[in-house]
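Working notes, beginning with the structure itself.
Computed from a prediction, not measured in an experiment: that's the story for all the values here. What you see below is based on every heavy atom in this structure, not just the backbone, and it leaves out hydrogens, waters and symmetry mates.
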Amino acid sequence: MTQIRILPPEVAHKIAAGEVIERPASVVKELIENSIDAQATQITVEIRGGGIEFIRVQDNGVGIPQDELELAFQPHATSKITTADDLFALYTLGFRGEALPSIASVSKLTMYSRPVTQDHGFKIWSQGGQFIVEPTGTPPGTTVEVQDLFYNVPARLKFLKTPPTERRHVLNTATNLALAHPHISFRLIAEGKTVLVTPGNGRLLDTILIVEGKNIASDLIKIQGDFAWGQIWGYLGSPRLGKGNRSGQIFILNGRVIESQSLRVALEKGYAGLLPTRTYPWALIILDLNPQLVDCNVHPAKAEVRFSNEQTIFSDLLQTVRSGLVGSNLAPSLQEPPRPVQSGKPAKPVSRTTQAQLQWEPTTWQFMDELLREYRPAKEKESVRREQIQPQASSPFQSTDFVVEENPQSLEDAPKPIEKLDEVRKELLEGRIIGQLQQTYILLEVSTGLWLLDQHIVQERILFEQLRKDWEAQTIHVQELVISQHLEFTPSEAMLVGESLEQLGEFGLELEEFGNNSFLLRAVPSYLAGTGGNWKEEILQIAETARKTTAWQEEALITLACKGSIKAGDYLDERIMRALLNDLAKTENPFTCPHGRPIIVRLETPELLRRFGRI
């Protein structure tokens, strides 16, 4: 049996670092938080190689005196707390004294610092396990340089993602901290390029618009609620800012960016009924409360917290979100920016009455099934032409007669259901269009009954197969926009799009950089030239898919087809519906959309007869 022994300090430090320092973004987070605690008003973050090769965080804070420099690198050395009770009265972001020693144990770290009271600064670094301090010229404040992260922990190094991925994590982390502290001016530099500069004027809205883009200003809803325990305030996004993931949700507690499942649930519950399935709200929620009501010491990276009155905060946040949304006009504005004029005539112009917030769900037969189970007529005898069926005593309709028509039709008389693909295509071409249901479903009378077709996924299937055919033949036709579309992104999103310009170009999306974190969309596939609206989300979705999966091309085609398709709520006249059905009949698979959802729901004649009690 092996003996219990105390680990050497260098091993213990690496273990401790593994809990705090997960990736370059963790280093940036810890160093920025130290700068904020040092009362900095200007913070500059610079990275190279995704932060794996080089990180520099510079601030104009109070600085560290010469005699405390070496002490700052000792485990659990901190100026922020003195007793255990201070853990429940935290007014700083850091408090454990782990950041500097943890980072220094897994990288080559050099720190420069100068309090404003000193004539010059000092430089400290580690060499051969010993810290060396020497005077140097440096401005007031502190600068920390980190090189070759995890150079001495190769097992940890191999688990890092590619530099572009790590760079996006760093930018997300720094951007969120900039939003949490609008009174501080942040400058982010990645690979020698400045990607974000915030004014530091203390106005949260200004910082949001710099990060997210000025075009979202009209979709922001300011909220504020005062409670016995503290205050909730911030901004909600209208349903038009909904995203396919939760990356747009930021929660800030006393200046600390946190993760909280209960807060997420309260936020999303407040949007119930306003967003489509698998769409998540954009929101920046700030909570100011007494530090004694929250425990920040429950997570190694301090990302999660525990509230003493979690249920109360949940209810108050839910009410604040609902009040903010109810008190706002969420209807889409009719004064939308003019659609770009196309240089050529779109192949298939579609008249649209867009109702962006309208959501329809297909009705079900559940109620009718329950009713028929109660009042199903007894089996008729051939000699009886008409029979009255009395309802059960428990029925609320005791004075009502359920009447069965004479000469009920038998199942043998009903047309046989259509099974073969050729027959389906024939019915699509020859069926009688009854009309449009809820401006979402096409009603088609066929020889065997009634078909309901989802108009959005009908065209999605058509466009998908057209785009896929052209892509496989490398003949995707591109149509230039006479008026280019200006798209604004967050720093991390802009980095992702910039890395994916070649992949986006494969599918006819031609973009060029246009200043910091923005691009001009110059051209789109000709099939989609008549598509209105902003292309930002689709471009991000394709770029993100290209980064994550090897079979990203098909996903990109699906995204494009979805973007260009008629939406639920669009009015269609019979001419357009007939053109859609004709085109659907020509597809290889007229049964499902590219995501696998059914295009056609059949209501066969025998089923209609059964449900109306005629058989």
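Taking the ring centroids of F131 and F73, they lie under the 6.0 Å cut-off.
A salt bridge (charged side-chain N to carboxylate O under 4.0 Å, His left out) with E145 is found for exactly one of R56, R48, K123, namely R56. Evaluated for a side-chain contact (heavy atoms from CB on, under 4.5 Å) with H181, the options L93, T41, I252 yield exactly one hit, L93. Among L520, N215, L511, the single residue meeting the side-chain contact (heavy atoms from CB on, under 4.5 Å) criterion with L487 is L511.
Surrounding CD of E502 are at most 12 heavy atoms belonging to other residues, nucleotides or ligands under 6.0 Å away. The number of heavy atoms from other shown groups lying within 6.0 Å of NZ (K161) does not exceed 12. Counted within 6.0 Å of CZ on R264, heavy atoms from surrounding residues, nucleotides or ligands total more than 12; the atom is thus considered enclosed.
Here the closest non-hydrogen pair linking T207 and P182 is OG1-CB, 3.5 Å. Taking all atoms of both residues into account, the shortest heavy-atom contact from L560 to L528 is O-CD1, 3.5 Å. Contact record, H120 with Q118: O-NE2, 3.1 Å, taken as the closest heavy-atom pair. Shown here for M111 and I64, the closest heavy-atom pair between the two residues is CE-CD1, 3.7 Å. Taking every heavy atom of both residues into account, H486 and E488 meet most closely at CE1-CG, 3.9 Å.
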**Message:** For K193 and E46: C-alpha separation, side-chain torsions, deciding distance, then whether salt bridge (Lys or Arg N to Asp or Glu O under 4.0 Å) applies.
**Reply:** CA-CA 9 Å; K193 177 183 177 182; E46 182 178 358; over 6 Å; no

**Message:** Show, in sequence, the C-alpha distance, side-chain angles and deciding distance for E22 and R156, and conclude whether the salt bridge (Lys or Arg N to Asp or Glu O under 4.0 Å) test is met.
**Reply:** CA-CA 8 Å; E22 179 185 0; R156 176 58 64 91; over 6 Å; no

**Request:** Could you go through the side chain to side chain contact (heavy atoms under 4.5 Å, CB included) check for D295 and V305 one step at a time?
**Result:** CA-CA 6 Å; D295 185 0; V305 299; over 6 Å; no

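In terms of modelled atom types and a separation under 3.5 Å, the side chain of E472 and the main chain of K469 share no donor-acceptor contact.
How far CD1 of I558 is from CD of E554: 5.0 Å, rounded to the nearest 0.5 Å. Note that the CG atom of L100 and the CG atom of L31 stand 7.0 Å from one another [nearest 0.5 Å].
Contact check for L557 versus F507: side-chain heavy atoms found under the 4.5 Å cut-off.
Remark: the R522 side chain and the S484 side chain contain an N/O donor-acceptor pair separated by less than 3.5 Å.
For the pair K243 and W282, the cation does not sit on the ring face, since its NZ or CZ is not both under 6.0 Å from the ring centre and inside 45° of the axis.
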